[in-house]
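As structure tokens, the structure follows; a few thoughts come after it.
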Number of protein chains: 2
Amino acid sequence: MTETASRPTLEAVAARAGVSRATVSRVVNGGEGVRETLVERVRRAVEELGYVPNQAARSLVTRRHDAVAVVIAEPETRVFADPFFALQLRGISKELTVHDSQLVLLLTEGREDYARVGRYLAGGHVDGALVFSLHLDDPLPGLIHGAGVPTVFGGRPGWSDGMRVNGPTVYVDSDNRGGAREAVRHLVGLGHTRIAHITGPLDQTCAVDRLDGFRDVMVDADPRLIVGSDFTPVGGERAMRELLERCPELDAVFAANDLSASGALRVLRERGRRVPEDVAVVGFDDMLPVAEQTDPPLTTVRQDIEEMGRLMARLLLRGLEQRGRDEQGSVGGAPSSVVLPTTLVRRASA
Amino acid sequence: MTETASRPTLEAVAARAGVSRATVSRVVNGGEGVRETLVERVRRAVEELGYVPNQAARSLVTRRHDAVAVVIAEPETRVFADPFFALQLRGISKELTVHDSQLVLLLTEGREDYARVGRYLAGGHVDGALVFSLHLDDPLPGLIHGAGVPTVFGGRPGWSDGMRVNGPTVYVDSDNRGGAREAVRHLVGLGHTRIAHITGPLDQTCAVDRLDGFRDVMVDADPRLIVGSDFTPVGGERAMRELLERCPELDAVFAANDLSASGALRVLRERGRRVPEDVAVVGFDDMLPVAEQTDPPLTTVRQDIEEMGRLMARLLLRGLEQRGRDEQGSVGGAPSSVVLPTTLVRRASA
DNA sequence: TTGAAAGCGCTAACAC
DNA sequence: GTGTTAGCGCTTTCAA
């Protein structure tokens, strides 16, 4: 532990430099319209005293915080077994850094945490929020709306467009449906006909969209070939066993993400089915540490997760700027949602 | 994006409840020493107006922030290919939540970011800092010290004890050396004699400690059996190839972490060496998604990473409380470093 | 028990 | 250009 020395204030710097507080403030905030010699003098005083502005005081008057909350609402353990969030965080962090904004991470581990998050958001700590992993029945959007904080969502939220209470909902998403279609078409192109799908949790839109994409191609798929799962390796194993039991003759599997695909691969190996000769497998995400590590390496649908994070931050910050420019009811130029393309990455599994 | 309504202030609540600001403040902060009827009246006004305290204003006077910075200084991409940090974060987040404190994440992607972090820490945004992944030549400790922020380190920092400028350095670490010893002894117990070691980056103390543990047991190890690496799967592959070239007759490998062990396993399989029959492999970390997923599943040294995170937060908060109690130069009761035990987890690879 | 009043450190009009 | 002044919203003595 280190000591907390009491820090010098603007006042002290002003005294030392022999100018007024206002002048110091001007210099500290860019130095526009201050004589060069004074700027110099103030800079020196700042340096000598080791002055750093007190943000609480600054925020109190400017009402800006240069901080953005990232809310990750994922009760399950999964969040952290999955590089997904980490990658998004990284993209966000990079973009925020460029704009000199800080990242405040709010993780919720259960319903009890929601009140805390709501309080925090409403407490005027941050300029905006980035929100992930919404489930259909999530109370979070309500809280956020109540807190009145500008928000960009990661992944299309599940509610209908009616929710445009104050301005449209802004989100960044991948083309989950299109990506899924491409994956399944690839399997079809390889000559497979009995293609199964291991879904993600269907209370999240990305899982639903991937299922829809699967159905787009396999228009009259045998319902026994679709089995629900949860994006985890263990869930993937379970689903694969179920599938093998229901339809031993299946010849391909499209898993809703790489993690569940890895579980499926394990079961296939265990059961002596060769991949891709007996059963071809395609995943989704292109999570490198997973997809490249499986045996055989996984053919999968790539989405640029880091870019999604970066984009979310960019949209949010742009929106904040907008709002700053025209203080009331900004109409034109408000940012709108973005859907990023996906690409199929061919490896050995299909 | 959502609208930012201007929030009601203490003043407004006071007016509505027909009391003074001071009374409202008391009620909001617990309500000690206020007549029950008034408490009730104020609570109702708060409710009706949807009042939430402005934290900037509060911090300005209390000098507390109920926020802790987590600094992750890892220039390489590795940070996020590795569940390690995510797990620590999770432990930290849980503990902070209990104490109603917020987590502010500061990621540094390169030297340029350091100044920003220093500024932030010094800016009085947070009550303390939790710092990870220090490399030997890291400028971060200096910055932190300059910022005068109470800090707990994750992993023993590399500097000598002399650095106790203001109070001893507090850290939380695993018993890396002991764990390594146990791993190697296990291999010895299995009858292996030509045991190799794939190290981590030796500018981090955990990697050095694991190497030391290896040497403790293999007192006069053939230097060709020790090869440097970097904690990544690819690094592990490279190291394994190198080892196989230098010493084709090796019969066991202790890798400094699971990720590099997974790379080593892949190379061994590729070269047709059976694991564990021809070459036994032990990792370190017991990162479940890695260790259980490898083929064969990895025998490894488990460290409770989430617990480390939790403990770091706990030590920091305890220190802050201490400091709150006795405002000057707290002597007794200051928290001190903790080293957590490790355990060997036997799976199939050794 | 409650209220009045004095700031916390800073910015932003507004004068000079 | 530079200084003066009035708050931002809250907590916290100090009196009543």
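So you know, we letter chains A, B, ... as the sequences are listed, proteins then strands, and number each from 1. Bear in mind that the values here come from a model prediction, so they are computed numbers and not experimental data.
Residue contacts shown for B:Arg63 are limited to sugar-phosphate atoms, with no base heavy atom under 4.0 Å away.
Taking every nucleotide of DNA chain D with any atom under 4.0 Å from a non-hydrogen atom of chain B, the first and last of them, 5' to 3', are D:dG9 to D:dT13. Once you apply a 4.0 Å limit to the heavy atoms of chain A, the touched nucleotides of DNA chain C run 5' to 3' over C:dG9 to C:dA13.
Within residues 8-22 of chain A, the residues that have a heavy atom under 4.0 Å from DNA chain D are, in order of number, A:Val19, A:Ser20, A:Arg21, A:Ala22.
Taking the nucleotide of DNA chain D with the nearest heavy atom to each of B:Asn54 and A:Val39, the more 5' of the two is matched to A:Val39. Each of B:Arg35 and B:Ala57 has a nearest nucleotide on DNA chain C; the 5'-most of these lies closest to B:Arg35.
The aromatic rings of A:Phe85 and A:Phe132 sit perpendicular, their planes meeting at an angle over 60°, well past the 30° parallel limit.
In the helix from C:dT1-D:dA16 to C:dC16-D:dG1, the end axes, each obtained as the rotation axis mapping the C1' atoms of four pairs onto the next four within a five-pair block, lie 40° apart to the nearest 10 degrees.
Considering CG of B:Leu106 and OH of B:Tyr114, their distance stands at 12.0 Å, rounded to 0.5 Å. Taken from OG in B:Ser93 to CG in A:Asp113, the straight-line distance is 7.5 Å, to the nearest 0.5 Å.
Checked by atom type and distance alone, the side chain of A:His65 pairs as donor or acceptor with a backbone atom of A:Gly124 at under 3.5 Å. Within the 3.5 Å criterion, the main-chain N or O of B:His99 finds no donor-acceptor partner in the side chain of B:Ser101. Between the side chain of B:Arg41 and the main chain of B:Ala17, a donor-acceptor pair closer than 3.5 Å is present. B:Ser25 contributes no side-chain N or O that, together with a main-chain N or O of B:Arg21, makes up a donor-acceptor pair within less than 3.5 Å.
Considering every non-hydrogen atom in both A:Ser337 and A:Tyr171, the closest pair reads OG-N, 2.9 Å.
Residues forming a side-chain hydrogen bond (donor to acceptor under 3.5 Å, both in side chains) with A:Thr23 (at least two apart in sequence, or on another chain): A:Ser20. Legend: residues meeting side-chain hydrogen bond (donor to acceptor under 3.5 Å, both in side chains) with B:Arg64, ordered by chain and number and at least two apart, are B:Asp66.
Within a 6.0 Å sphere centred on CD of A:Glu48, other residues, nucleotides and ligands contribute more than 12 heavy atoms.
In this structure, the side chains of A:Leu316 and A:Leu130 come closer than 4.5 Å at one or more pairs of heavy atoms.
For B:Arg63 and A:Asn54, the side-chain atoms include no donor-acceptor pair closer than 3.5 Å.
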